[in-house]
Amino acid sequence: MTKTVLVLRFSAVGDVVLTGPAIHALRNAWPDARIVYAVKQRLSHLVEHNPNVDEVIALRDGEGPLSYARRLRAARPSVVLDLHGKIRSRILRALLPGVRKVVWHKRDFRDTLPVKLALRPYHASMLFADRYHAAVEQVVGHELPKGKLQYFLGPDDLAVADAALRAAGIDPQRPLLGLSPGANWATKRWPVERFAGLARRALERGLQVAVQGSASEAPLGTAVARLAPGAVDLSGKLDLRGLGGFIARCAAFVANDSGPMHMARALGVPTLAFFGSTDPTMFDFRGHEVLFAGIPCAPCSFFGRRRCPRGHFRCMLDLTEERAWGTLSPLLSAGRLPLLSA
Ligand code: SF4
C-alpha cells in the first residue's frame, strides 16, 4: 500500500522554505510515497509547485482545528511528520489518533533557558535544516543523504514580478540588485540608512536597485528610495508569487535574517545576509555571504528582540556600510547576470 506522509508546517516563510531539503530527502528515500503538506493558506504558494509535494491541504483563515483535522484525516496519512512542533500542530496530532507521529526537535532544551535568561549567547549545535532532516530520518528509520535547498517558482511568478518591475520603471532583463531591509524584529534589522548607502553605490555603478518588503515594512522602502534617488520601492506590491519572481530576477540580493533571505538562497541568487542578535550558524551560507559582528553578547536571542537589551546595538552597528559593500561586490560579479566586471 502506498504510504502517505502528512507534513505539518504552517508558518513562517523562511521556516517553510527550509523544510525543502528534508522533503527532498524524503522523496528520494520513498519515491512512491504520497507527500501531503499542511500549511497556512496565505503561505501555500511556497510549496504548491514543489515537485516533491503531491498535495497541499491549506489551513484556511479562521478555520478551526476540528474542521481542519477532518480534512487532514481524509488524506488517510500513514505517518504525521510534525515539522511545526507548536500548539497548533500538537492539537492536530491529537485529532489524528492511530497514526504514527514523528515530531522535529527544534533545539536542545539545555540551550533554551540560559539564552532566555541572558546568561549566555546562543550557539546552534546543528543547522536548522538538519534538524528537519533528522526528523525525516526518524520517519524512514535510517540515515539518508541530505536533500537540496531549492525554491520552486509557480508558472506565473516571473510574469507577475516583471509587471511590477516594469510599472516601477525597472527593466527585468537588465542587472538588478534586490534589497530587503525588513525583518520581524528590530534587532534583526541592519540600519536602513546603510541599505540606502549600498543602493547609492550600486546606482553610481549603473545598476538598477529595487527594495522589497511587506506593506508594514513600507517605511523602510520609502526611506531607501528617498535616501538613494533612483532606487525603486516595491514594498507592499508583491505577493508570494511576485516575491519569488522578483528575487529570481535579481543578480544579487541583500537581506536581514528573514523569509526573503531564505527564499533567495533557495533560488540560488547570490545573497548577502546581515545577522545581529540571531545565530548565522543555523544556516548554510556556502555560495553566499553573511556578516556577523561576533561581539561577546551575540547572538542574544533565538528570534530577535524589540530592542537591544544592552542599549548599544553593536551587533548591527559594527557592521559598516564599507564592509558590506566590500562583501557584496564579489557577489555582484557571481550571479545570473554579472553586474560588475571582476
Ligand atoms: S548588541 Fe544588543 S541586540 Fe545585539 S546581540 Fe548584543 S545584546 Fe543582543
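In each ligand, atom 1 is the first atom listed, and ligand 1 is the first ligand listed. All heavy atoms count here, side chains included; hydrogens, waters and symmetry mates do not. Only a predicted model underlies this, so the values are computations on that prediction, with no experimental measurement involved.
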A.B. asks: Residue by residue, ordered by chain and number, which ones reach under 4.0 Å of ligand 1 with a heavy atom?
C.D. replies: T187, S277, I295, C297, A298, C300, C308, P309, R310, H312, F313, R314, C315

A.B. asks: Can you tell me if N256 and S258 form a side-chain donor-acceptor pair at under 3.5 Å?
C.D. replies: no

A.B. asks: Report yes or no: is the cationic atom of R9 (NZ for Lys, CZ for Arg) under 6.0 Å from the centre of the six-membered ring of Y37, at an angle within 45° of the ring normal?
C.D. replies: no

A.B. asks: Does any part of the side chain of L234, heavy atoms only, come nearer than 4.5 Å to the side chain of V211, both counted from C-beta?
C.D. replies: no

A.B. asks: For H84, run the ring pair (Phe, Tyr, Trp, His ring centres under 6.0 Å) check against F10, W104, Y132 and tell me which one passes.
C.D. replies: F10

A.B. asks: Strictly by modelled atom types, are E217 and S235 linked by a side-chain donor-acceptor pair under 3.5 Å?
C.D. replies: no

A.B. asks: In this structure, which one of K40, R42, E48 forms a side chain to side chain donor-acceptor pair (under 3.5 Å) with S44?
C.D. replies: E48

